[in-house]
Every structure is written in C-alpha cells, then in structure tokens.
Amino acid sequence: MLEEAEKRKKTEEKRLPPLPGAEEGRVVTRFAPNPDFVIHLGNARPAILSHEYAVMYKGRFILRFEDTDPRTKTPLPEAYEAIREDLRWLGIRWDEEYIQSLRMEIYYEYARRLIELGGAYVDDKPAQVFREYRNSGRLSQYPPRLRSVEENLELWDKMLEGSYGEGEAVLRVKTDPDHPDPSIRDWVAFRIIDTSRYPHPLTGDKYIVWPTYNFAAGVDDHLLGVTHILRAREHRQNTMKQEYLYRYMGWRYPHVVHFGRLKLEGFIMSKSLMKSLAAEGEEVRLDDPRFATIAGLRRRGILPETIRRIIIDVGVKQTDASISYTNLASLNRSLVDPEARRLIAVIDPVQLVIHGVPEPVKAEIPYHPSKPDMGSRVLVLEAPTAKAYIQRSDAEQLKVGDMVRLMEAVNIVITRKTRDRVEAKYHSRSIEEARRASAPIIQWVPASTKTLVTILKPEGLRIETLQGLGEPEPKARIGEIVQFMRIGFARIDAIRRTSGQPEIVAIYAHD
RNA sequence: GCCGCGGUAGUAUAGCCCGGCCAAGUAUGCGGGCCUUUCAAGCCCGUGACCCGGGUUCAAAUCCCGGCCGCGGCACCA
C-alpha cells in the first residue's frame with residue numbers, strides 16, 4: 001500500500017486547467033468521430049480531454065458518430081465498433097451514444113424551422129455562379145438569396161422529394177454576405193448525395209439530402225445539451241459558421257476550446273500513408289505498430305494510462321505539439337516497469353561451451369529483480385561441460401582471456417573464439433569474484449532450449465526483425481508486456497509453434 | 001492571395017489574462033557520480049530556453065507596435 005502510494009507520487013500526473021464557465025455537475029462534453037477509419041493519437045486527444053473534463057466536473061460525456069457523408073467520407077461499417085473498442089480500452093466510458101445518420105428527420109425538422117425563420121435558402125444555381133457573387137461582394141443581391149420563405153419551403157420539399165440530383169441544389173445558411181472570411185459567407189447546410197450510387201452503410205439509399213458537418217454538429221450540440229466543445233484548431237471557422245445558426249434559433253453556443261495539432265515523432269499518422277502501404281502489397285492492419293493508431297500503440301505495448309497522461313500533459317495549448325517518442329516511452333516505462341516480468345532472450349545466438357564445470361548449476365532467476373513475489377524460474381548448466389547460447393553482440397565484445405559472468409550463474413574465462421562458437425573455462429561461481437574482475441554480466445539460455453524468440457522492432461517505415469532463442473519453458477501470455485533483459489520492453493504479440501518448436505513473437509516497445 | 005491563430009531549453013509543458021517574488025519551475029534527453037547479478041528501475045550533481053527589433057514603465061517572458069517564422073481555414077469533408 002505504501003509502495004503503491006509512492007509509485008503514484010513518483011509518476012504523479014499533471015492536472016488539466018479549469019474549463020472556462022464550467023460548473024460542477026453541469027458540464028456536458030462530447031467526442032464526435034467520423035467512423036470512416038479507426039482513431040489515432042490525434043483523434044484520441046479530444047476524446048480524452050472531453051472525457052477527462054466531464055469526469056472532473058462530474059458531468060456527462062457523449063459519444064456521437066458523425067457519419068453524414070456517405071460519398072467522400074464513406075463510413076466503414078466496422079469502424080463504429082472499432083472506435084468504441086479503442087475508447088473502452090482507453091478507459092473512456094460514455095453516458096450516451098448517438099449516430100447522426102440515424103437522426104436525419106431531426107435535421108430536416110430544424111432545417112425547415114431555420115427556413116421559416118428566414119435563416120436559410122435553397123440555392124439551385126451552379127456552385128460557380130454562387131462563387132462569382134460571393135467573391136465579388138455582390139452576395140446580398142444573389143437571386144436565390146432573395147427568395148421568400150414560402151418559395152424556399154417549396155424548394156426544400158422538392159429537394160427532399162428527390163427532384164434534384166447531386167450538385168443541383170443546396171440549402172445555405174444566410175450569414176453576413178460581406179464577412180471578411182469568404183468561407184463563412186452563406187455556408188452550405190445540406191447537399192444532395194446520390195445514395196443509390198454511394199449507399200450509406202447504415203441507412204442505404206433512404207436519404208439523399210444530407211446535412212453538412214456544421215449543420216448536424218451545430219444542431220446536435222444544442223439538442224444534446226453540450227456545454228463545452230474541445231476541438232482542434234482547424235474547426236475555428238466552423239465555430240463561427242455555427243454561431244449564425246445558433247443566433248437564428250436563439251440558442252446559446254457552447255464554450256469552445258481549440259487546440260493545436262499533435263504529432264507523434266517516428267510514427268505514421270497519415271491515413272493516406274497507411275492506405276498506400278496497404279496498396280504496396282504489404283500486409284497492413286490498422287493496428288500495425290508503426291501507426292499512431294490507438295490500436296497500433298496498444299499492440300506495441302503502450303498503456304492506455306500512458307496515452308492519457310501524455311495527452312493531459314500536452315494540455316490544450318493552441319500551438320501544435322510534436323510528442324517525442326522518447327518522452328512517451330519514458331512515461332510508459334515508468335508505468336510498466338514495476339509490473340513487467342523479466343524474460344531472457346539471446347538475439348542472434350552464438351554457441352558457448354564451458355569446460356571444467358565442477359557440478360551442475362541451477363540458476364534461479366527471479367522474474368523481477370525487486371519483486372520476489374513475482375516468482376522465479378531455474379535455468380540449468382550441466383557439468384562437467386556445459387553448453388549454452390549467448391548473444392552475438394556480447395560474443396563480439398569478448399576476447400580470449402576475458403572474464404564474463406553468465407547472469408545469476410557462473411563466471412567464466414574465454415579460451416577460444418571462432419565466428420559461431422565461443423569456448424571458455426569455468427572460473428568461479430560467486431558474484432563477488434565477477435565484481436572483483438569487473439566482469440560484464442550477460443544473459444544466456446541453456447543449449448537445450450527449443451524456444452524461438454522473434455522481436456519485431458518498428459523503425460519509422462521499416463520493421464526490423466530480431467531473431468533469437470528464449471528460455472526453455474517461457475511462461476508468457478499474449479498481450480503481456482515483458483522486459484527482455486538487456487534488450488528492452490516488448491509486448492507478446494503471438495505464441496505459436498514453428499516446425500514443432502515454440503515461438504514467441506513480441507513487438508518491441510522501448511528500452 | 002485573403003481570413004484567423006500562435007511562437008519559453010532537443011522535445012513537451014508551467015509562468016503571460018492580474019508587469020516586480022522568474023538571473024524562468026517541472027518532465028524527458030544529455031554529461032558525471034552512487035546503487036545494482038539487465039544496457040531497466042532508483043538516488044545525487046550538472047547541462048540547457050523567454051523568435052527579433054522598437055516602445056510604455058522605476059521594473060517586461062508577461063502590456064503595446066512592427067518584423068520574421070510556424071500553423072490552420074478559404075469544400076455541396078469532418
């Protein structure tokens with residue numbers, strides 16, 4: 001218990017700054033992903049922050065899928081559940097869930113209301129014509145904008161009935177026609193998507209008139225009682241657009257916090273790059289450890305708590321942040337180190353023969369150096385001649401005459417060395433002897449082992465493969481995060497049999 | 001080009017709103033030491049930053065102006 005408290009203190013987390021205008025019990029936040037892909041660290045930021053604030057103020061947290069573009073951002077049927085899974089894994093629980101494509105009638109109703117209030121009009125001119133008016137400062141004289149409410153309601157019904165094809169009509173919100181930012185002038189609230197050609201995975205071709213992000217999100221944020229919106233800076237203009245809608249409806253716009261972009265150094269974050277890797281014929285999964293997807297980080301042995309802390313640590317600044325993997329790894333290490341069992345693997349093994357061993361050596365090696373309660377296992381060296389494997393990188397450091405200690409076992413002196421074989425003679429048993437000689441300590445496995453160990457090490461776009469041998473009877477579980485002694489932390493990704501031999505496949509996390 | 005936002009050590013962040021207690025805190029990295037049967041963890045010491053230039057002021061990282069640089073938006077995407 002005491003130890004637990006100390007650990008908490010050591011890895012103490014930073015707290016989030018107060019939310020403007022927040023009252024305990026009255027805060028409602030939401031995370032609104034587009035289910036066209038899984039989420040990555042960048043999307044996880046608003047999810048974590050929104051959830052965190054809802055918890056901090058004992059409010060509500062909403063998950064809302066924004067799937068109102070079946071054409072250019074076609075929702076992926078499996079993404080809905082994959083996103084839920086990622087959120088659950090991150091420790092995020094939501095009080096309510098909504099899917100926008102299932103709320104279309106609501107948006108239609110509010111569209112009608114907005115038209116009745118004179119806040120929107122149907123534009124059935126080609127987009128090019130609108131742009132000419134808008135960009136030449138004559139938007140206030142744009143003929144469709146001058147239509148009566150009655151006429152607009154009629155045309156709106158025609159849109160819903162399917163009288164227009166794609167691109168033939170949109171519903172626009174009337175804004176300041178001379179707004180300094182042209183993109184804000186009379187923005188589009190609804191457009192037509194031919195769902196017979198681009199069916200929606202949830203609603204098929206039932207609807208052809210679809211709300212844009214700004215309309216659907218704007219309406220929902222009000223209807224669901226959202227009080228605080230946390231979103232990336234690229235939405236700043238959207239906030240201004242939606243405020244027009246709120247003004248017409250007499251609603252109060254939620255508090256908004258904008259933050260900058262997030263990059264994770266050394267990881268692939270771009271969706272298009274992920275997809276192009278797949279196109280190159282590589283076998284690519286969304287949880288590829290080279291990707292900064294939540295699933296990819298999970299597979300690589302990054303804990304949800306690490307992600308949570310790093311997001312809170314980065315906070316809500318407007319500047320872009322580039323998280324260095326060193327920092328993320330350090331945080332993860334501090335969380336994982338107390339729990340990770342120490343396993344042994346020798347990469348690129350070299351045979352070691354030890355002569356003159358006086359009696360068999362049973363080395364009892366604890367699974368964690370400072371936690372005896374995590375147990376131990378016994379590795380054996382035979383007598384009078386013991387055979388083992390050591391790592392090539394270690395063998396290369398050794399010269400004839402050098403003393404080296406096999407971890408938890410014996411001290412030996414090198415007598416002969418060839419490329420693939422090292423011979424040595426027994427020297428002594430005790431650690432003190434090794435210390436006196438300043439002998440290095442290296443890990444080893446008995447020659448009788450059959451266990452193959454493969455460690456996949458993501459390096460930018462590449463994945464390096466480390467092949468070696470492991471303990472004779474490794475007790476590892478899939479999903480477990482272990483530390484391979486003197487190699488680094490890794491997550492056990494698979495345990496299988498390769499031509500009769502057990503094989504552990506692990507994905508390297510960090511040293 | 002037009003709108004908008006921002007610039008604190010290698011990285012991230014605190015401080016900036018309400019100028020002095022900041023010759024700038026913390027984490028990570030890096031250098032050195034201690035400890036240690038891992039190149040992990042732990043402990044100690046050290047290292048390193050206010051974009052530039054003006055102005056206001058007794059006093060500016062903090063306020064004002066200009067410049068430079070970075071980023072976002074300018075979609076019938078979200």
Side-chain angles (χ1 to χ4, degrees), chain A residues 6 10-14 17 32-37 43 66-69 71-75 100 123 126-127 130-131 134-135 166-172 179-185 187-193 209-214 216-217 231-238 240-241 258-263 265 309-310 312-315 317-331 333-334 336-338 340 342 344 363 365-366 368-371 393-394 405-409 411 430-432 434-435 439-443 483-489 510-511:
Chain A
E6 266 170 25
K10 172 64 205 157
T11 54
E12 196 172 10
E13 56 182 287
K14 211 181 108 178
N34 182 327
D36 67 336
F37 207 67
N43 320 117
E66 301 200 325
D67 56 350
T68 58
D69 183 1
R71 185 177 52 191
T72 54
K73 290 212 169 164
T74 314
Q100 290 192 320
D123 176 5
F130 169 82
R131 259 179 231 128
R134 181 191 67 187
N135 298 343
E166 272 188 14
E168 289 175 5
V170 294
L171 185 75
R172 289 185 183 279
H179 193 283
D181 184 343
S183 76
I184 288 179
R185 300 175 199 159
W187 54 272
V188 172
F190 285 84
R191 79 294 208 193
I192 290 164
I193 294 172
V209 178
W210 288 86
T212 57
Y213 165 79
N214 281 304
R231 61 180 163 208
R233 252 179 13 183
E234 64 239 37
H235 286 297
R236 190 172 280 282
Q237 273 69 17
N238 291 327
M240 292 191 255
K241 289 183 186 180
H258 292 283
F259 41 78
R261 290 191 142 205
L262 206 57
K263 288 179 199 72
E265 211 173 81
R309 298 259 185 105
I310 204 98
I312 291 174
D313 183 54
V314 169
K317 284 215 315 187
Q318 291 220 35
T319 33
D320 291 351
S322 171
I323 296 174
S324 73
Y325 188 63
T326 317
N327 273 213
L328 185 89
S330 164
L331 185 53
R333 189 186 301 117
S334 73
V336 111
D337 183 85
R342 271 53 177 174
I344 295 171
I365 306 178
H368 195 292
S370 43
K371 293 187 139 191
S393 59
D394 289 327
R405 177 170 178 81
L406 299 189
M407 193 180 287
E408 302 277 2
N411 309 318
S430 75
I431 179 74
E432 288 73 22
R435 286 204 186 116
I441 298 164
I442 63 173
Q443 82 276 25
Q483 187 203 45
F484 286 108
M485 282 183 152
R486 304 211 306 139
I487 297 169
F489 291 89
H510 45 73
D511 41 302

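Reminder, nothing fancy here: chain letters follow the sequence lines and each chain counts from 1. Worth saying up front: this structure is predicted, and the values here are computed from it rather than measured.
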Is the closest side-chain heavy-atom distance between [X] and [Y] below 4.5 Å?
X: A/Asp320; Y: A/Arg233; result: yes
X: A/Arg405; Y: A/Ile431; result: yes
X: A/Asp123; Y: A/Val188; result: no

Between the protein and nucleotides 74-77 of chain B, list the N/O to N/O atom pairs that are separated by less than 3.5 angstrom.
{"residue": "B/C76", "atom": "N4", "partner": "A/Gly167", "partner atom": "O", "Å": "2.9"}
{"residue": "B/C77", "atom": "OP1", "partner": "A/Arg71", "partner atom": "NH2", "Å": "3.3"}
{"residue": "B/C77", "atom": "OP2", "partner": "A/Arg191", "partner atom": "NE", "Å": "2.2"}
{"residue": "B/C77", "atom": "OP2", "partner": "A/Arg191", "partner atom": "NH2", "Å": "2.7"}
{"residue": "B/C77", "atom": "O3'", "partner": "A/Arg191", "partner atom": "NH2", "Å": "3.1"}
{"residue": "B/C77", "atom": "O2'", "partner": "A/Asp69", "partner atom": "OD2", "Å": "3.3"}
{"residue": "B/C77", "atom": "O2", "partner": "A/Lys73", "partner atom": "NZ", "Å": "2.6"}

Counting the atoms with a prime plus P, OP1 and OP2 as sugar-phosphate, which does [X] contact under 4.0 Å by heavy atoms, base, sugar-phosphate, or nothing?
X: A/Pro369; answer: base
X: A/Gln237; answer: base
X: A/His179; answer: nothing
X: A/Arg405; answer: base
X: A/Ile441; answer: sugar-phosphate
X: A/Phe489; answer: sugar-phosphate
X: A/Asn411; answer: nothing
X: A/Gln318; answer: sugar-phosphate

Gap in Å between the two [atom1] atoms, one belonging to [N] and one to [M], rounded:
N: B/C74; M: B/A9; atom1: P; value: 30 Å
N: B/C2; M: B/G25; atom1: C1'; value: 41 Å
N: B/G33; M: B/C17; atom1: C1'; value: 44 Å
N: B/U11; M: B/C30; atom1: P; value: 15 Å
N: B/C45; M: B/A27; atom1: P; value: 11 Å
N: B/G20; M: B/G15; atom1: P; value: 13 Å
N: B/C18; M: B/U62; atom1: C1'; value: 10 Å
N: B/G7; M: B/A41; atom1: C1'; value: 37 Å

Does [N] have a Watson-Crick or wobble mate here (both distances under 3.5 Å), and if so which one?
N: B/U62; value: none
N: B/G19; value: none
N: B/U26; value: B/A12
N: B/U57; value: none
N: B/C50; value: none
N: B/C43; value: B/G33
N: B/C5; value: B/G70

Restricting to side chain to side chain contact (heavy atoms under 4.5 Å, CB included), what partner residues turn up for A/Asp181, sequence neighbours left out?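 With sequence neighbours excluded, A/Asp181 shows a side chain to side chain contact (heavy atoms under 4.5 Å, CB included) to A/His179, A/Ser183, A/Ile184, A/Gln237, given in chain and number order.
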
Each nucleotide N or O in nucleotides 12-15 of chain B that has a protein N or O under 3.5 Å away: list the pair and distance.
{"residue": "B/A12", "atom": "OP1", "partner": "A/Ser322", "partner atom": "N", "Å": "3.1"}
{"residue": "B/U13", "atom": "O3'", "partner": "A/Lys14", "partner atom": "NZ", "Å": "3.3"}
{"residue": "B/U13", "atom": "O2'", "partner": "A/Lys14", "partner atom": "NZ", "Å": "2.8"}

So which protein nitrogen or oxygen atoms get under 3.5 Å of nucleotides 50-52 of chain B's nitrogens or oxygens?
none

Among A/Ile310, A/Val314, A/Asn43, side chain to side chain contact (heavy atoms under 4.5 Å, CB included) partner for A/Leu262: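 When side chain to side chain contact (heavy atoms under 4.5 Å, CB included) is applied between A/Leu262 and each of A/Ile310, A/Val314, A/Asn43, only A/Val314 qualifies.
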
Give a yes or no answer on whether the side chain of A/Arg261 reaches the backbone of A/Ala232 with a donor-acceptor pair at less than 3.5 Å.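 Checked: no pair found.
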
Please identify each residue that fulfils ring-ring contact (aromatic ring centres under 6.0 Å, His included) with A/Trp210, with sequence neighbours left out.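 If we apply the ring-ring contact (aromatic ring centres under 6.0 Å, His included) test to A/Trp210, skipping adjacent residues, the hits are A/His200.
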
Taking NE2 from A/His368 and P from B/A40, how many angstroms apart are they, rounded to a whole number?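 Nearest whole value for this atom pair: 14 Å.
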
Who pairs with A/Asn135 by side chain to side chain donor-acceptor pair (under 3.5 Å), at least two apart in sequence or on another chain?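 Applying side chain to side chain donor-acceptor pair (under 3.5 Å) to A/Asn135 gives none.
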
B/A41, OP1 or OP2 - any side-chain N/O from A/Arg333 closer than 4.0 Å?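 Result: yes.
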
Looking only at heavy atoms, what is the nearest atom pair of A/Trp187 and A/Lys241, with distance?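 That closest heavy-atom pairing would be NE1-O, 3.0 Å.
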
Ignoring hydrogens and angles, state whether a donor on the side chain of A/Arg342 or A/Gln443 is under 3.5 Å from an acceptor on the partner side chain.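 Per modelled atom types, A/Arg342 and A/Gln443 side chains form no pair under 3.5 Å.
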
Can you say whether a donor on the side chain of A/Arg342 sits under 3.5 Å from an acceptor on the base of B/A40, or the other way round?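 Answer yes: a donor N or O sits under 3.5 Å from an acceptor.
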
